[in-house]
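Structure first, commentary second.
Keep in mind that what you see is a predicted model, and the values were worked out from it rather than measured. Chain letters run A, B, ... following the sequence lines, proteins first, then strands; residues in each count from 1.
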Amino acid sequence: MTDNPYLTHRKLRERDLGSSKSNPTEKQPLNGFLPRKVTGPQVRTALEYDTNPFTKQPYSKQYKTLLEARKKLPIYAQMDEFLKMFSEHQIIVIIGETGSGKTTQIPQLVAYSDLPHIKGKVVACTQPEHVAAMSVAKRVADELDVQLGRQVGYSIRFEDMTELGTTFLNYLTDDMLLREAMNDPTLERYSTIILDEVHQRTLATDILMSLLKNIARKRPDLKIIVMAATLNALKFQKYFNLRSDVKVPLFKVPRSTHPIEVFYTQEPEFDYVEAAIRTVLMIHRAEDQGDILLFLTGEEEIENACRKIKLEADDLLNQNPDSIGPLVCIPFYSSLPPQQQQRIFDSAPGPRTPNGPTGRKVVVSTNIAENSLTINGIVYVVDPGVSEQKVYNPRIRVESLLVSPISRASAQQRASHAGRTRSGKCFRLYTEKDFKNELEEGTFPEILRSNLSSTVLQLVKLGIKDLVRFDYIDVPAPEALMRALELLNYLAALDDDGNLTALGAIMAEFPLDPQLAKMLIVSPEFKCSNEMLTITAMMSVPNVWLRPNNQRREADAAKALLTVPDGDHLTLLNVYNQYVQNQYDKNWTWQHYLSQHALQQADNIRTQLKSIMERFDIDLISLSDEKKLYQNIRQALVCGFFMQVAHKEGDKGNYLTVKDNQVVALHPSCGLGTQPEWVIFNEFVLTTCPYILTVSEVHPEWLIEFSGNYFDLSSFPNGETKRALQRVVNKKAGKMGRNDGGANKQSSKKRNKRKT
DNA sequence: GAGCACTGC
């Protein structure tokens, strides 16, 4: 694990100084344990022992306290049943809602039965979110009475809290395990792999399910456990049936949280925001003490709702000072600075007068609060039944955000927040009939609503030959696959037969979109890899520009000072360089309305990418001539993003994307000083109108020179764009006497040669 | 002249 290049940071730990030698006369708690034949009584006896079988140390006091708490979980009573099932089956599907303790307890039971530490193997448990991986690992380390990072650890992108040869239970993010599979296709070092939260249907979990199903056939010694929160386990159960005569068993873990009363509206609500505000105020007027969690879709909606709730609540308070307490309304969404995000953990306000009614806290949040986050004091949940979700249109290659109905699983997850501290109530702003008949059972899989270029590259690297017939749990649209294959072919990551090229193999090693990986890898040829490294990192993080509602003009003015008129990509470079020159100063970012958090993240990513570049001998090169440098940077951009070029049409500032012929406009946040004839862009979003974001000027000769494959004019639709390109080709032919459209091919050939 | 819901490598 220590040579894993995706981990750039390794936490220092105090080594266990106690002797690890065991006393031969001492009775061993795991005596008589046969791997995978362990029974409930055996485990219970071992748990009550004085010595920790994994550290050979006496148990601490904390261990006993935690053990008593574990015994109260419903799953503790099911130990015998689970261990028997684990002994008898290779694959198990487990269902249990949040609060069932499955994430902490099942992996421990598996460790007791599988005994990975005596075989030199590891039990893995995947999580979609890194926060969950860290916190669950900490909890389980405490429960097993071991030091976090030794017998029990976690691996997430920037942190490896494991010890090679010692760690036998590892919680890791799903992407991490998928990355590992790229270089170890049978995941040999694991004896059991537990996929948790599979109902969330993240891209990585979906792919892992397919891979594991495949590996299970080749490795009968590998056990697989799939854990989900919904009732829709049948789909997973069916999917994992390897043979028709052996059925994958289902293990159910009951919930152990407080009861939650669920209410529905009689009629559908047309204005869910208005209904939500009304419901919050109704709770405030009529219900007992307890805080409220309201789910809305986005920043603007949340800020407006907070303002209205506050106004009305103040009115109520003034009219009925003796019966109604004060109310605070706290917005919560991802782009909020961390300090303001912390406010959701503040306690509710006290009474306004010494003996008056006590106050109430209302948290108005996006989906960010739906999973793996507990806000203390929440007793009431208001759920309008919608969230903003990403949708991908492969035809025009555009991702956009759309307000859509949530799934039943999501609705249940939202409701569960009402029962964390005591029994609570959930108000659903839709009818029970709609809940039962209209909402989808589970979350719409990410694989069906994403751009798949990165995933397809990973699959090919994993050795998957036939992407169309791959055993997906939900098959993506053929058009989405085709678009991905086409892009990877133009980028020279795949050859014309769909085989991985040497370049593609390197691209797959970068945790980046293929376009970004390509431009970074070729950038030494343009003598600007140092700068491209920065730009790539900056393009991998969310928007760094802050623009608070009441300080827009100040924010825009600050941004103007950092803007490079030649293009937004160069502006990103400038922002990062200034950030470093100002010693990563928090005040500097604050004064320039920049997100310290995003810049810090870009810096982390830059470090990680740099180490991967070093591994592949990709040199870091700079040019001192700034004019030349700026030009070369934009040429390198063309090598990755040639499919995202637009040409100006007429004088009204409209642009037409090449080949796709979409009418787009420069986003108002674009910092270009003029409206150049040709631009390259990073993102195409559909909001009030189609906009292109992060835009730089390019010269048409570069398009022909560095991506001749794509800019082969015979494949172009007739129109102004083609005519403009034709003029460039003619001019060039006149000047140079030939049309060198093969630079793209040449550079990849050069790279191929170097690798062999 | 206007927005990025949310994860993750």
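- Taking atom CZ of A:R201 as the reference point, atom P of B:dC6 lies 22 Å away to the nearest angstrom.
- In this structure, CD1 of A:I692 is placed 18 Å from C1' of B:dC4, rounded to the nearest angstrom.
- With sequence neighbours left out, the side-chain hydrogen bond (donor to acceptor under 3.5 Å, both in side chains) criterion links A:K308 to no other residue.
- A heavy-atom distance below 4.0 Å to DNA chain B is reached by these residues of residues 552-562 of chain A, ordered by number: A:R552, A:D556.
- Using a 4.0 Å heavy-atom distance criterion, A:P128 is classed as a sugar-phosphate-only contact.
- The interatomic distance linking A:E197 (CD) with B:dG8 (P) rounds to 13 Å, in whole Å.
- Toward the 5′ end of DNA chain B lies the nearest nucleotide of A:H667, the other residue of the pair A:T366 and A:H667 mapping further downstream.
- For A:Y472, there are no side-chain hydrogen bond (donor to acceptor under 3.5 Å, both in side chains) partners, not counting sequence neighbours.
- Each of B:dC9, B:dG8, B:dA5 was ranked by its minimum atom distance to the side chain of A:E129; first place goes to B:dG8.
- Distance, A:Q200 CD to B:dG8 P: 10 Å, rounded to whole Å.
- Within the nucleic acid shown, A:T173 comes within 4.0 Å of sugar-phosphate atoms alone, with no base atom in reach, counting heavy atoms only.
- Across the protein-nucleic acid pair, A:Q127 atom CD and B:dC9 atom P stand 12 Å apart, rounded to whole Å.
- Not a single ring-ring contact (aromatic ring centres under 6.0 Å, His included) links A:H130 to another residue, sequence neighbours left out.
- The side-chain hydrogen bond (donor to acceptor under 3.5 Å, both in side chains) pairs that include a residue from residues 553-564 of chain A are A:R547-A:D556, where partners are two or more places apart or lie in different chains.
- A:N367 comes within 4.0 angstrom of nothing in the nucleic acid, heavy atoms only.
- In this structure, A:E446 atom CD and B:dT7 atom P are separated by 12 Å, rounded to whole Å.
- Rounding to the nearest 0.5 angstrom, the gap separating the CG atom in A:N604 from the CD atom in A:E159 is 11.0 Å.
- With sequence neighbours left out, the side-chain hydrogen bond (donor to acceptor under 3.5 Å, both in side chains) criterion links A:Y392 to no other residue.
- Across all strands shown, A:E299 has heavy atoms under 4.0 Å from sugar-phosphate atoms exclusively, and none from any base.
- Rounded to whole Å, atom P of B:dG8 lies 15 Å from atom CG of A:D196.
- In this structure, of B:dG8, B:dA2, B:dC6, it is B:dA2 that holds the atom nearest to the side chain of A:R547.
- Here B:dT7 presents its C1' atom at 12 Å from CZ of A:R157, a figure rounded to the nearest Å.
- Between A:Y430 and A:F435, the ring-plane angle classifies as parallel under the 30° and 60° cut-offs.
- The side chain of A:E388 approaches B:dA5 more closely than any other nucleotide in the set B:dA5, B:dG8, B:dC9.
- If you check B:dC4, B:dT7, B:dC9 against the side chain of A:E683, the one that comes closest is B:dC4.
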